[in-house]
Amino acid sequence: MPNITIVGAGPRLGLAIARTFGSRGFDVALIARDREKIERLVGTLATDGISAAAFPADVLDRDALVQALKGAAEEFGGIDVLEYSPAAASSAGTLTSPTETDPSHVQREMEFQFYGAIAATKAVLPAMRETGTGTLLYTTGAGSVVHVPKAVNVGTAAAALRNWAINLHKELAGTGIQAAHVALDVTIDTPTFYGQPKAPADQISPLYWDLHATYRDKAEFVFRG
């Protein structure tokens, strides 16, 4: 069976993406730093008849992240789809305006959002190149595509990931490997400080399937509800 590996898996979007792909015949690997959390998600997916396994790792620990991805590939015979979206933990950091921002504020977000995505990609891309197929999906918040002055440090890193992912899509054209960026200009079930609309996770998750299965020539999707 094909596999999707979700980095930053949580009980809202991550679980919804897992269900979307799992209901279409995919095994699911869940990566996040909280072992108990992702093991509970594995149990939830099992009740839905979806085969899943947990691989605890912190995206800031590059070696642990790479080992988790290797473990997922060994468990399921390869990784066909990588989805990178550890956005929930980003909210634990400091949000800064442009004049409040120090280099350290941006550096943390770059390590978390951008450099983690690069490390995960480098871990799975060689095998995808060998088979001539695969999908790489990267999720950011609204700051990658719209101006959010109260959280410019987060948006700066998200915009960097967006730029890199779209250029990766262009570089991989013709190889059979799809790379795409998903920007969520909504919140998932909860409001934010600047008035984004809300959307349920199961309304968002089908677009990931569409980017994998149908719109493989599309480099980006901006979801605004």
- Is the backbone N or O of Asn163 less than 3.5 Å from a side-chain atom of Asn167, with the two atoms forming a donor-acceptor pair by type? yes
- Distance-minimising heavy-atom pair for Ala72 and Thr5: CB-OG1, 3.9 Å
- Message: Between Asp102 and His105 (side chain of the first, backbone of the second, donor and acceptor by atom type, cut-off under 3.5 Å), is there such a pair?
- Response: no
- Message: Under the criterion salt bridge (charged side-chain N to carboxylate O under 4.0 Å, His left out), I'd like the reasoning laid out for Arg62 against Glu111: C-alpha separation, chi angles, the key distance, then a yes or no.
- Response: CA-CA 10 Å; Arg62 304 286 183 259; Glu111 293 281 353; 2.6 Å; yes
- What do the steps show when you test Thr47 against Leu45 for side-chain contact (heavy atoms from CB on, under 4.5 Å), and what is the final call? CA-CA 5 Å; Thr47 63; Leu45 291 168; over 6 Å; no
- Item | Pairwise salt bridge (Lys or Arg N to Asp or Glu O under 4.0 Å) hits with a residue in residues 38-58, at least two apart | Arg19-Asp48, Arg35-Glu39
- What's the shortest heavy-atom distance between Ala165 and Ala179, and which atoms? O-CB, 4.3 Å
- Query: To the nearest 0.5 Å, how far apart are CD1 in Ile50 and CD1 in Ile4?
  - Reply: 11.0 Å
- Task: With the side chain counted from C-beta on, respond yes when Thr156 and Glu109 share a heavy-atom pair under 4.5 Å apart, and no when they do not.
- Result: no
- Any chain of hydrophobic side-chain contacts (each under 4.5 Å) joining Met128 to Val66? no
- Task: Begin from the C-alpha positions of Val7 and Leu82 and carry the test side-chain contact (heavy atoms from CB on, under 4.5 Å) through to its verdict.
- Result: CA-CA 8 Å; Val7 179; Leu82 173 72; 3.8 Å; yes
- Note on the structure: d(Glu74 CD, Phe55 CZ) to nearest 0.5 Å is 9.0 Å
- CD1-CG distance between Ile79 and Leu136, expressed to the nearest 0.5 angstrom: 10.0 Å
- Query: About how many Å separate CG of Leu161 and CD1 of Ile118, when rounded to the nearest 0.5 Å?
  - Reply: 8.0 Å
- Report the distance from atom CD1 of Ile6 to atom OH of Tyr208, rounding to the nearest 0.5 Å. 9.5 Å
- Task: Give a yes-or-no answer on whether the side chains of Thr121 and Tyr138 include a donor-acceptor pair shorter than 3.5 Å.
- Result: yes
- Query: Passes side-chain contact (heavy atoms from CB on, under 4.5 Å), Phe76 versus Met1? Steps please.
  - Reply: CA-CA 8 Å; Phe76 294 112; Met1 296 176 69; over 6 Å; no
- Message: What I'd like to find out is whether the side chain of Glu220 reaches to under 4.5 Å of the side chain of Val182, using heavy atoms alone.
- Response: no
- Message: Under a 3.5 Å threshold, yes or no: a donor from one side chain and an acceptor from the other, between Asn153 and Thr101?
- Response: no
- Message: Quick check for you: to the nearest 0.5 Å, what is the distance between Leu211 atom CG and Leu207 atom CG?
- Response: 6.0 Å
- Can you tell me if Gln107 and Ser104 form a side-chain donor-acceptor pair at under 3.5 Å? no
- Message: With a 4.5 Å cut-off on side-chain heavy-atom distances among I, L, V, M, F, W and Y, is there a chain of contacts connecting Val152 to Met110?
- Response: no
- Considering only heavy atoms from C-beta outward, does the side chain of Leu69 approach that of Ile31 to under 4.5 Å? yes
- Begin from the C-alpha positions of His181 and Thr140 and carry the test side chain to side chain donor-acceptor pair (under 3.5 Å) through to its verdict. CA-CA 8 Å; His181 169 249; Thr140 68; 2.7 Å; yes
- Mind running side chain to side chain donor-acceptor pair (under 3.5 Å) on Glu83 and Thr139 for me, showing each step along the way? CA-CA 8 Å; Glu83 194 278 321; Thr139 304; 2.7 Å; yes
- Flag side-chain contact, heavy atom, 4.5 Å: Pro56 against Ile38: yes
- Should the ring pair Phe21 and Phe26 be called parallel, tilted or perpendicular, given that the plane angle runs from 0 to 90° and is split at 30 and 60? perpendicular
- Message: Under 4.5 Å between side-chain heavy atoms, counting indirect links through other Ile/Leu/Val/Met/Phe/Trp/Tyr residues: same cluster for Leu172 and Ile166 or not?
- Response: no
- Item | Heavy-atom check, side chain of His212 versus side chain of Asp80, under 4.5 Å | no
- Message: Quick one, Leu30 and Val42 - any side-chain contact, counting heavy atoms below 4.5 Å?
- Response: yes
- Task: For Leu15 and Ile17, run side-chain contact (heavy atoms from CB on, under 4.5 Å): C-alpha distance rounded to whole Å, both residues' side-chain angles, the deciding distance at 0.1 Å, then the answer.
- Result: CA-CA 5 Å; Leu15 179 60; Ile17 293 171; over 6 Å; no
- Message: Checking side-chain polar atoms at under 3.5 Å, does His169 have a donor or acceptor matched by the opposite partner on Gln178?
- Response: yes
- Task: Give the minimum heavy-atom separation between Val154 and Gln113, together with the two atoms involved.
- Result: O-NE2, 3.2 Å
- Task: Not counting sequence neighbours, which residues clear salt bridge (Lys or Arg N to Asp or Glu O under 4.0 Å) with Arg129? List them please.
- Result: none
- Message: Within the structure provided, determine whether Lys70 and Leu65 are in side-chain contact (heavy-atom separation under 4.5 Å).
- Response: no
- Task: Please report the shortest heavy-atom distance between Ile177 and Thr133, naming the atom on each side.
- Result: CG1-C, 4.0 Å
- Face-on cation placement of Arg108 at Phe112 ring, 6.0 Å and 45° thresholds: yes
- Thr20 side chain to Ser205 side chain, donor-acceptor N/O pair below 3.5 angstrom: yes
- Query: Looking at Ala120 and Tyr84, what are the two nearest heavy atoms and their distance?
  - Reply: CB-CD1, 4.2 Å
- Note on the structure: For Ala199 and Phe223, the nearest pair of non-hydrogen atoms, with its separation, is CB-CE2, 3.8 Å
